[in-house]
Structures are given as structure tokens and as C-alpha cells.
**Student:** 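Pasting a structure below so you can have a look.
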Amino acid sequence: MRDRRGLGGPELAVHPGSTESDPASGANRSPYRIPKDEGLANMEQRFSPKAHRLYLCMGAVLCLAYFIGFFPLAEFLPPPSPSWTPERLSAWIVEHRTGLQLACALMVLGATLAAPWGAALAVWTRKAESHFPLFYATQLISLGCAVCIIVLVNIFWAAAAFRAGETSPQITQALWDLGWFLFTFSVPPFIVWFVSLALGILWNPPEHQLFPRWSAYMTLALCLNWIADVLIVFFKAGQWTYTGFTGMWLIFGTFSLWVYVMTYIGFKAVSRQEQICRREEAESVNHTPRVTVP
């Protein structure tokens with residue numbers, strides 16, 4: 001006795017294994033055949049929770065790399081002020097050269113992890129736009145820009161430390177300033193990323209709503225906090241400088257907190273999606289019609 005899907009249905013795909021004769025073509029075909037359109041549907045629903053969880057963990061690793069780089073290694077407690085003279089800055093960098101170089105090496109590796117982590121968030125807004133994923137595409141493009149920026153930050157800091165004491169203090173200061181301007185002033189690509197993610201969450205259909213709406217509002221609030229950072233170009237002293245509380249520390253702290261919150265929500269979304277996939281798989285098995293033929 002053999003089990004076969006109902007005759008007269010959609011075109012059947014060959015399953016590897018035992019074969020039988022096809023009266024139409026004379027070719028050998030499997031007795032365990034699955035409709036092609038059903039196979040494509042299952043492919044679209046394929047879900048890899050381990051990969052998602054791995055990529056979500058990259059956010060925590062990113063923040064940890066910057067925490068270690070900023071404090072124990074580079075000793076940014078606090079970092080040099082933009083009001084320092086070139087000679088004073090150059091002397092400070094020479095004194096902290098080894099720690100700065102180790103910090104930049106660690107942070108440039110950590111910076112690249114923003115790509116898989118951001119992608120692990122972006123995929124949850126993909127179904128909000130059907131065949132025209134504008135928000136999803138914008139997230140990926142702006143995420144790529146953001147990763148390039150935070151990588152360049154460490155390149156400029158490392159270059160400043162590499163030649164400090166050997167080249168002109170003015171050149172050292174220029175490289176140092178470039179690194180900090182990339183770290184704090186170049187917020188627009190991040191804002192585009194955050195807004196696209198937030199809108200993708202808010203406009204997601206209810207049946208695909210795995211991220212709570214408050215997480216989108218939190219992300220938009222983060223944008224309002226960051227937009228004022230373009231003002232650092234006007235200040236060399238005070239809290240609005242690129243090393244001041246408003247100019248740098250507030251952004252550094254809120255971004256780190258946002259990463260951990262979104263990572264936690266992402267893990268919950270993965271668990272819920274895993275349960276949905278298991279339930280749908282069980283339902284598809286229980287409702288599969290079969291006809292027994294001799």
C-alpha cells in the first residue's frame with residue numbers, strides 16, 4: 001500500500017527516493033510527491049531562529065566593544081576637549097598611544113557588527129510593504145552608511161595616534177577632530193535608519209506585528225534626541241561640544257540603551273515566530289489530504 005496526494009491536483013514535484021513510472025512521459029517519479037506551489041510556499045515560510053538569535057547578539061557585542069574601548073583602553077574619562085591646543089592634544093595622544101590603538105582595533109571590529117544586528121531588525125518590517133519594500137530598502141541603505149561612518153571614526157582616531165609626536169600637532173588635531181565629527185556630527189544616516197525602522201514597525205499588518213508599537217515611538221524619540229547634535233560645529237567648549245554631555249555622552253548612552261532594548265524585543269519576536277511556524281507546520285500536517293491506492 002502506498003500513500004499518494006490526490007490526483008488531478010497541481011503539478012507534482014519529484015521527491016528523492018523510491019520511483020514509479022510516469023504514464024505520460026515514461027520517466028520514473030516518486031510515490032511521495034509534493035505540489036510545486038506548496039513547496040514554494042513552504043520555502044517562503046522557512047525560518048532560522050538560530051541565525052536570527054546569533055545576529056541579534058551582535059548588538060550586545062558591539063556595545064561591549066565600545067564600552068571596553070572607551071573606558072579601560074582609551075581612558076576617555078573624559079576625552080580631550082576640542083578647546084585644547086594642538087600641542088596639548090598631541091602630547092595626550094602620545095601618552096595614551098598604546099591604549100588608543102588597542103581601543104581602535106577593538107572598536108573597528110565591533111563597529112562592523114552593526115550590519116548583521118541592524119539586518120536582524122530590518123527583516124521584521126519586510127512584510128509591511130508586500131512587493132514594494134521601500135522602508136526595508138531604506139533601512140539597509142542607511143544601515144550600510146552608518147556602518148561605514150562608525151568604521152571611519154576608528155580609522156581617523158588610529159591615524160591620529162599612529163603619527164602623534166612625529167608630525168605636526170595641527171595635523172594630529174585635524175585627524176582627531178575628523179574622528180569625533182564622524183562620531184557625533186554625522187547623525188542624519190542614523191536618523192534615516194531609525195525613522196524607516198519605526199515606520200516599518202508602525203505600518204506592519206496586525207498579523208505580522210511582532211514588535212510592540214511603543215518600540216517604534218521610542219526609536220522616533222531617539223531621533224529627536226540626536227538631531228540636535230548637528231549643533232556641535234558651533235561650540236568648542238561647554239556641553240554642546242563633541243565631547244560634552246549633550247553633544248556626545250547623551251547620544252552614546254541612549255544608543256547603547258536602545259540597542260539592548262531592541263535586542264531583547266528581537267529575541268521575543270524570534271520566539272513568537274518560532275511558535276507560529278511550529279503551529280502552522282503542525283496544522284499543515286494534520287490537514288494534508290491523502291488517498292490510499294493499491
**Student:** Would you check if W226 and T254 make a side-chain contact, meaning some heavy-atom pair closer than 4.5 Å?
**Tutor:**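 Yes, their side chains come closer than 4.5 Å.
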**Student:** To the closest 0.5 Å, what do you measure between CD1 (I191) and CD1 (I227)?
**Tutor:**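 CD1 of I227 is found 3.5 Å from CD1 of I191.
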**Student:** Find out whether C223 and V195 are in side-chain contact, i.e. whether some heavy atom of one side chain is under 4.5 Å from a heavy atom of the other.
**Tutor:**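 Sidechains of V195 and C223: in contact.
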**Student:** What distance do S186 atom OG and L178 atom CG have between them, rounded to the nearest 0.5 Å?
**Tutor:**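 CG of L178 is found 11.0 Å from OG of S186.
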**Student:** Counting only heavy atoms not in Y55, do more than 12 fall under 6.0 Å of its OH?
**Tutor:**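 It does not: Y55 OH has 12 such atoms or fewer within range.
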**Student:** Applying salt bridge (Lys or Arg N to Asp or Glu O under 4.0 Å), can you list everything that pairs with R88, at least two apart in sequence or on another chain?
**Tutor:**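 Counting only residues at least two positions away or on another chain, R88 forms no salt bridge (Lys or Arg N to Asp or Glu O under 4.0 Å).
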**Student:** Determine whether F255 and F194 make a side-chain contact, defined as any pair of heavy atoms from C-beta on separated by less than 4.5 Å.
**Tutor:**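 They are in side-chain contact.
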**Student:** Is the shortest side-chain heavy-atom distance between V230 and F185 below 4.5 Å?
**Tutor:**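 Side chain of V230 against side chain of F185, heavy atoms only: contact under 4.5 Å found.
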**Student:** Apart from L106 itself, what residues make up its hydrophobic cluster when side-chain heavy atoms of I, L, V, M, F, W and Y under 4.5 Å apart count as a link, directly or indirectly?
**Tutor:**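 Besides L106, the hydrophobic cluster comprises L64, I68, L73, L102, listed by chain and residue number.
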**Student:** Could you tell me which residues satisfy side-chain hydrogen bond (donor to acceptor under 3.5 Å, both in side chains) with T167, sequence neighbours excluded, listed by chain and number?
**Tutor:**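 With sequence neighbours excluded, T167 shows a side-chain hydrogen bond (donor to acceptor under 3.5 Å, both in side chains) to no residue whatsoever.
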**Student:** Would you compute the distance between atom OG1 of T246 and atom CD1 of I232 and round it to the nearest 0.5 angstrom?
**Tutor:**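 One gets 12.0 Å once the value is rounded to the nearest 0.5 Å.
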**Student:** Find out whether Q273 and P49 are in side-chain contact, i.e. whether some heavy atom of one side chain is under 4.5 Å from a heavy atom of the other.
**Tutor:**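 In short, these two side chains do not touch, never coming nearer than 4.5 Å.
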**Student:** Give me the ring orientation class for F71 and F252: parallel if the planes are under 30° apart, tilted from 30 to 60°, perpendicular past 60°.
**Tutor:**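 Judged by the thresholds at 30° and 60°, the geometry between F71 and F252 is perpendicular.
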**Student:** Give every residue pair that meets the side-chain hydrogen bond (donor to acceptor under 3.5 Å, both in side chains) criterion with at least one member in residues 140-162, sequence neighbours excluded.
**Tutor:**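 As it turns out, the side-chain hydrogen bond (donor to acceptor under 3.5 Å, both in side chains) pairs with a partner in residues 140-162, which skip direct neighbours, are Y66-N154.
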**Student:** Describe, in one word, how the ring planes of H52 and W124 are oriented to each other, choosing from parallel (under 30°), tilted (30 to 60°) and perpendicular (over 60°).
**Tutor:**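 Ring orientation of H52 relative to W124: tilted.
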**Student:** Using side-chain heavy atoms (C-beta onward) and a distance below 4.5 Å, is W249 in contact with Q239?
**Tutor:**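 With C-beta onward as the side chain, the pair stays apart.
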**Student:** Suppose we screen for side-chain hydrogen bond (donor to acceptor under 3.5 Å, both in side chains). Which residues come up paired with E274, at least two apart in sequence or across chains?
**Tutor:**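 Scan of E274 (side-chain hydrogen bond (donor to acceptor under 3.5 Å, both in side chains), adjacent residues dropped) gives R53, R278.
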**Student:** Any donor and acceptor pair, going by atom type alone, linking the side chain of T112 with main-chain N or O of L109 inside 3.5 Å?
**Tutor:**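 Checking the backbone N and O of L109 against the side chain of T112, a donor-acceptor pair under 3.5 Å is found.
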**Student:** To the closest 0.5 Å, what do you measure between CH2 (W203) and CG (L199)?
**Tutor:**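 The CG atom of L199 is 5.5 Å from CH2 of W203, to the nearest 0.5 Å.
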**Student:** For Y260, is the OH atom crowded, meaning more than 12 foreign heavy atoms sit under 6.0 Å from it?
**Tutor:**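 Result for OH/Y260: enclosed.
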**Student:** Is P212 close to K268 at the side-chain level, that is, under 4.5 Å between some pair of heavy atoms?
**Tutor:**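 Sidechains of P212 and K268: no contact.
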**Student:** Taking side chain as C-beta onward, heavy atoms only, is N204 less than 4.5 Å from F211?
**Tutor:**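 No; the side chains remain at least 4.5 Å from each other.
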**Student:** Rounded to the nearest 0.5 Å, how far apart are CG of L121 and CD1 of I201?
**Tutor:**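 If we round to the nearest 0.5 Å, L121:CG and I201:CD1 are 7.5 Å apart.
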**Student:** With a cutoff of under 4.5 Å between side-chain heavy atoms, which Ile, Leu, Val, Met, Phe, Trp and Tyr residues group with V94?
**Tutor:**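 The other cluster members (ILVMFWY side chains, heavy atoms under 4.5 Å, direct or chained): none.
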**Student:** Is the backbone N or O of F267 less than 3.5 Å from a side-chain atom of S271, with the two atoms forming a donor-acceptor pair by type?
**Tutor:**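 Looks like yes, one N/O pair under 3.5 Å.
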**Student:** Measure from the side-chain N and O atoms of T241 to the backbone N and O of A237, and report whether any donor-acceptor pair falls under 3.5 Å.
**Tutor:**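 Answer holds: no.
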**Student:** Taking the inter-plane angle between the rings of W180 and F76 on a 0 to 90° scale, is it parallel (under 30°), tilted (30 to 60°) or perpendicular (over 60°)?
**Tutor:**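 Answer is tilted, since the angle falls between 30° and 60°.
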